[in-house]
Amino acid sequence: MSAANDPTLKSWIEVSPDSDFPIQNIPFGVFKKGKGHRVATIIGDTVIDLYELTKRGYLTGVDANVFKQEFINDFMALGKKKTNKVRENISKLFKHSSRKLKGNDKDRKAMLHPVSKVELTMPIRIGDYTDFYSSRDHATNVGKMFRDPENALLPNWLHLPVGYHGRASSIVVSGTPLHRPKGQQIPADSKQPVYGPCRLLDFELEVGFVIGQKTELGQSISMDEAEDFIFGLFLFNDWSARDIQKWEYVPLGPFLGKSFGSSISPWVVTLEALEPFRSTSPKQNDPKPLPYLENKKKRNYDINLSVDIVPENGEAKTVCESNFKYMYWNMCQQLVHHTVNGCNVNVGDVCASGTISGPERGSFGSMLEISWRGTMPVDMPDGTQRKFINDHDTVVMRGFGQKKGVRIGFGEVSGKILPAIK
Ligand code: MN
């Protein structure tokens, strides 16, 4: 484990105990500066401009221009040896005993900004986006609702991480509102489709990862290599229009019910920062996966996840508390399977976990499951109920791991639903 993970490290930047961004985290994101953008990290509530930090000589061994960019792609493409070194150097510069930058008021002013004063933007230029379906509890719940409760999982599910190619163009950063999608749907009492605003708008609680190294067409990634290709993780709300999805998905799978939008959190937390939260992966004995997918290591992560629904001017209601450790297929297995046919991946490609549900209703990661297809509405603090998401509701997802007094988190991904455009 890197020195940057040392739980005893403290920063000279103030960090409140419930912050997701102590000096052990050092995630990467992007904020707007003038007409351009800057790649940054964050400690506590302080955003650190990495271009200024490098240009003024505090960070060496890396070209400053890699941080004067709209996205973190070029930085990720430097490779983990370099990017991990940058994390370690940032850690040294901001640890409590370091006086170098702390003592220079002018430089500090030029590169440190309160997070409340900056606009965080989409951190990744996303090339391709793939969504998986890797939580056993989620797949079982959906199978029970829509197919046969006795055979909830389809025959392929325990043999491979099921996925589909999603849409990258409509992925937005946290805080970006989305309009309710419109499309075809079949009313309960009809055999004919109608066109109109989605009536069953849902969220999906997911964690995404971004690819930091490309492969060539024809090349496959093995289980032993997979972690080298995963730069970091973020929260991912894979919004879903359940009524549109239900009508359109046969036989080729998700399409317009998914492609109207997904939201990601602004900070990419490195795999290295999450190292302390590795947890045991579920046993896969019945059936055993084929050898190329066999997992022999701890490749799950103990990260607490939650979802709040916040009505306009109203009180938040936490509708889900789940955990990333519940995944049946882990990220490495997803990436290995993704490339087993020789499909190439590029820097900036995004894969999402699929809805992360735990075993109980309180840990289900979508309203479809929480309200059990609308049969069990959720009571809100203002006396109203929710089966799905209403116009003007904001959905907020949060995630963090905590161990030995150190909390490493993602911040939040928040998205408001506006009425459909007429
Ligand atoms: Mn999904």
Side-chain angles (χ1 to χ4, degrees), residues 124 126 128-147 152-154 156-157 160-174 178 181 183 198 200-210 233-250 252-265 303 305-307 319-320 322-324 326-331 333-335 337-338 349-358 363-371 373 388-389 395-397 399 410 413-415 417:
I124 306 160
I126 301 175
D128 279 309
Y129 156 50
T130 304
D131 193 27
F132 285 92
Y133 187 59
S134 291
S135 148
R136 186 169 186 163
D137 289 301
H138 172 67
T140 303
N141 285 338
V142 173
K144 275 188 200 165
M145 272 184 259
F146 292 102
R147 290 184 296 268
L153 291 179
L154 286 167
N156 61 0
W157 201 91
L160 55 86
V162 169
Y164 68 95
H165 290 296
R167 182 85 195 159
S169 69
S170 55
I171 300 178
V172 296
V173 74
S174 177
L178 287 169
C198 156
L200 310 180
L201 184 59
D202 204 352
F203 58 79
E204 289 188 339
L205 169 63
E206 305 196 14
V207 170
F209 68 85
V210 60
L233 280 64
F234 38 83
L235 301 170
F236 196 89
N237 180 353
D238 188 30
W239 298 96
S240 299
R242 298 298 179 197
D243 37 8
I244 297 171
Q245 186 182 4
K246 190 183 169 209
W247 170 233
E248 73 178 0
Y249 89 107
V250 186
L252 287 188
F255 189 30
L256 306 180
K258 314 290 294 184
S259 62
F260 63 93
S262 303
S263 306
I264 78 168
S265 54
I303 295 167
L305 301 167
S306 68
V307 185
V319 294
C320 163
S322 186
N323 195 301
F324 192 36
Y326 292 138
M327 301 306 296
Y328 184 81
W329 297 105
N330 59 59
M331 294 180 285
Q333 290 175 312
Q334 292 172 337
L335 184 55
H337 186 65
H338 201 313
D349 285 356
V350 160
C351 292
S353 57
T355 308
I356 304 163
S357 293
S363 60
F364 293 170
S366 66
M367 288 306 285
L368 177 70
E369 297 161 88
I370 295 165
S371 76
R373 275 180 104 173
F388 289 90
I389 301 302
V395 173
V396 184
M397 298 176 174
F410 292 86
V413 57
S414 154
I417 294 301

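Order of listing sets the numbers, starting from 1, for every ligand and every atom in it. Predicted model only: the values in this text are computed from it and were never measured.
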Heteroatom count (protein N, O or S) under 2.8 Å of the Mn ion (ligand 1): 4
Taking the six-membered ring where the residue is Trp, are the ring centres of Tyr129 and Phe236 under 6.0 Å apart? yes
Taking only residues two or more places apart in sequence or in another chain, which ones pass side chain to side chain donor-acceptor pair (under 3.5 Å) with Ser174? none
For the backbone of Arg242 and the side chain of Asp202, can you confirm whether one donor and one acceptor N or O come within less than 3.5 Å of each other? no
Any salt bridge (charged side-chain N to carboxylate O under 4.0 Å, His left out) involving residues 134-144? Give me the pairs, sequence neighbours left out, ordered by first then second residue. none
Between Met367 and Ile389, is any pair of side-chain heavy atoms under 4.5 Å apart? yes
Contacts of Ser259 that satisfy side chain to side chain contact (heavy atoms under 4.5 Å, CB included) - sequence neighbours left out: Arg167, Leu256
